[in-house]
Structures are given as structure tokens and as C-alpha cells.
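Accompanying notes for the structure given below.
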Amino acid sequence: MQIEKTPLADCYIIKPQVHHDHRGYFFESFNALKFKELTGITTDFVQDNQSFSSYGVVRALHAQRAPYAQAKLVRVLQGEVLDIAVDARLDSPTFGQHFAIHLSAENQLQLFIPRGFLHGYITLSKTSVFFYKCDQFYHKQAECGVMYNDSDLGIDWKVPPADRILSEKDLVLPRFNEVYKKTL
Ligand SMILES: Cc1cn([C@H]2C[C@H](O)[C@@H](COP(=O)(O)OP(=O)(O)O[C@H]3O[C@H](C)C(=O)[C@H](O)[C@H]3O)O2)c(=O)[nH]c1=O
């Protein structure tokens, strides 16, 4: 496992060590001890999620409010996505900034997104299977989110707007500054 810092504190890129042989490949998709050694972060994942999407589907930008905030370890099992993490920690020097990364079954990269972040992704391939570990259970009443294309966040979602597909819920999410009450 190799860890790479991002410009957002506590948000890390993880590159697993892939063992290839004549049969195919093997890699440890997560190892809590190695992760702690490399990041100093102790994780206790309690729920795994998986979602299937078609090209252009946007699932963004979501979080759960404290005390049910979730850290997530995300990766792609099939296809390719553009994954977005937005720092929504009011006391963070990178408050309001985002990090974007291409995750794919081919590059096998993962992104660790700490609690206090908004998260979302758009599918760039014909279809995608997205898998992620969470360190807090789903609490529907604690769900929150902001509009994915809020100009204040300046996220380039790559896919032409006409091709993007969103849930009814995501189409009516508020602006970042409405939720986080702090001007960027
Ligand atoms: C998140 C979640 C949802 N659900 C149920 C609720 C709905 O009946 C159905 C679809 O939920 P939703 O439309 O919120 O799914 P996404 O739009 O993919 O939401 C996710 O989008 C981005 C990528 C995230 O990082 C979050 O984990 C999550 O908000 O699954 C559950 O039963 N458990 C859960 O943990």
C-alpha cells in the first residue's frame, strides 16, 4: 500500500500493492494496520456501500451531519468515475476547496475522505460499480448535501451538462454557503 497526500488535510490517495502472477492479480483492498502506520488515522469501518451507475450519473454532493458524519474509503470495481471530495470543515484552512481524482477499475486507486467532507462522483465510463467503506452507519435524518454545480465550488464535472443524470433529491440541493453559513 502506498499513500499520497492531497492538498486537503487528512484526505489521502491510496495505491494498493498489486501482486500479479500467471493466474491474474491479488491485492489487499484495505489494511487498517498499514493505513494507520502510513497516515496515523485509526479507522473503524462499520458499513460497506456499493452503487451502480450509467454514464453521466452524478451522485453528489452528500454528507451526514455530526454526530453521524462519515469518513469514507472509496474505490471503483468496474469502469471509471471522477470522484470529488469537498472540505466542509469550518475550521479548516482549505474550507470550501475540493479535490478531484479519476478512480477506475484499471488504476485501482482509492481515496480516503475524512469526516466533515462532502462527497460525490460522476460516472465517466458506460457504466460504473462504485464501492466504499464508511465509519458511521447510515442515518437518513442526518443526511445533508449541496448542489453539485455550485459555482462557488468551481468543480469541473467533465461530462457535458446535457448528459448528466441526477436524482430528484440532488436536483434541489441548496448552495454551499446556505448550508455552511460562511462566505468562501
Ligand atoms: C446512502 C444510503 C442510502 N440508502 C438508501 C436510501 C435510498 O432508498 C437509496 C439510494 O440512496 P441515495 O439516493 O441517497 O444514494 P446516493 O445518491 O448514491 O447517495 C450516496 O451518494 C454519495 C456518493 C455518497 O458519498 C453518500 O454515501 C450517499 O449519499 O439507498 C441506504 O439504505 N443506506 C445508505 O447508506
Side-chain angles (χ1 to χ4, degrees), residues 6 8-14 29-30 35 41 43-89 92 94-105 107-150 153 155-159 161 163-176 178-180:
T6 69
L8 309 180
D10 308 319
C11 182
Y12 292 97
I13 300 165
I14 293 126
S29 50
F30 179 68
F35 185 76
I41 296 172
T43 56
D44 180 18
F45 294 119
V46 296
Q47 180 177 315
D48 287 349
N49 295 336
Q50 183 163 317
S51 47
F52 171 85
S53 305
S54 302
Y55 170 74
V57 168
V58 179
R59 296 173 184 264
L61 288 161
H62 305 157
Q64 290 191 166
R65 283 185 294 275
Y68 303 110
Q70 296 169 310
K72 298 168 187 168
L73 179 62
V74 307
R75 65 192 174 107
V76 169
L77 303 182
Q78 180 268 317
E80 181 179 11
V81 310
L82 179 72
D83 198 76
I84 305 290
V86 177
D87 189 349
R89 299 171 298 186
S92 170
T94 52
F95 174 76
Q97 294 184 30
H98 72 275
F99 177 73
I101 183 172
H102 286 246
L103 302 177
S104 68
N107 68 23
Q108 296 169 336
L109 294 178
Q110 304 177 25
L111 188 67
F112 177 79
I113 301 155
R115 294 181 176 185
F117 276 57
L118 291 154
H119 174 246
Y121 72 93
I122 186 167
T123 291
L124 302 175
S125 46
K126 186 170 186 298
T127 60
S128 71
V129 176
F130 192 82
F131 175 89
Y132 52 113
K133 306 179 81 66
C134 304
D135 73 346
Q136 176 55 269
F137 296 108
Y138 175 56
H139 287 267
K140 186 173 182 56
Q141 77 284 1
E143 280 195 300
C144 65
V146 303
M147 61 189 295
Y148 81 103
N149 57 351
D150 185 334
L153 297 176
I155 298 168
D156 177 0
W157 290 94
K158 304 294 184 188
V159 173
D163 294 340
R164 299 172 194 170
I165 303 164
L166 286 89
S167 64
E168 290 302 315
K169 176 180 73 168
D170 287 353
L171 284 170
V172 296
L173 288 172
R175 298 199 64 160
F176 183 82
E178 292 175 57
V179 177
Y180 292 95

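Only this structure's heavy atoms are used, side chains among them; waters, hydrogens and symmetry mates stay out. When a ligand or atom number is given, it counts from 1 through the structure's own listing order.
Counting only heavy atoms of the protein, atom 6 (C) of ligand 1 lies nearest to Tyr138 OH, 3.6 Å. The shortest contact between atom 17 (O) of ligand 1 and any protein heavy atom is with His62 CE1, 3.3 Å. Nearest to atom 14 (O) of ligand 1 among the protein's heavy atoms is Lys169 NZ, 2.8 Å. Protein heavy atom in closest approach to atom 15 (O) of ligand 1: Arg59 NH1, 3.9 Å.
For atom 8 (O) of ligand 1, the nearest protein heavy atom is 4.0 Å or more away. Counting only heavy atoms, the protein gets under 4.0 Å from atom 26 (C) of ligand 1. Counting only heavy atoms, the protein never gets under 4.0 Å from atom 30 (O) of ligand 1.
At a 3.5 angstrom cut-off on N or O pairs, Gln47 counts as close to ligand 1.
With ligand atoms numbered from 1 in the order given, ligand 1 contributes 24 (C), 25 (O), 26 (C), 27 (O) to contacts under 4.0 Å with heavy atoms of Lys72. In the vicinity of His119, heavy-atom distances shorter than 4.0 Å reach the ligand 1 atoms 23 (C), 24 (C), 25 (O). In the vicinity of Tyr132, heavy-atom distances shorter than 4.0 Å reach the ligand 1 atoms 20 (C), 24 (C), 26 (C), 27 (O), 28 (C). Of all the atoms in ligand 1, the ones that sit under 4.0 Å from a non-hydrogen atom of Tyr121 are 23 (C). Below 4.0 Å from some heavy atom of Glu143 lie the following atoms of ligand 1, by number and element: 14 (O).
A donor-acceptor pair under 3.5 Å is absent between the side-chain atoms of Arg89 and the main chain of Phe117, judged by distance alone.
Residues Phe35 and Phe112 bring their aromatic ring centres within 6.0 Å. Checked against the 6.0 Å centroid criterion, the rings of Tyr121 and Phe130 qualify as a close aromatic pair. Checked against a 6.0 Å centroid threshold, the rings of Phe176 and Tyr148 do not count as neighbours.
For the side chain to side chain donor-acceptor pair (under 3.5 Å) test with Lys133, the passing option among Asp48, Asn49, Thr43 is Asp48; the others fail.
Side-chain contact check for Phe52 versus Ser128: every heavy-atom pair is 4.5 Å or farther apart.
For the pair Gln70 and ligand 1, no heavy-atom separation below 4.0 Å is found.
What you find for Gln136 and Gln70 is that their closest heavy atoms are O-NE2, 3.0 Å. Contact record, Ser53 with Thr123: CB-OG1, 3.4 Å, taken as the closest heavy-atom pair.
We find that Arg115 and Asp135 are joined by a salt bridge, their nearest charged nitrogen and carboxylate oxygen being less than 4.0 Å apart.
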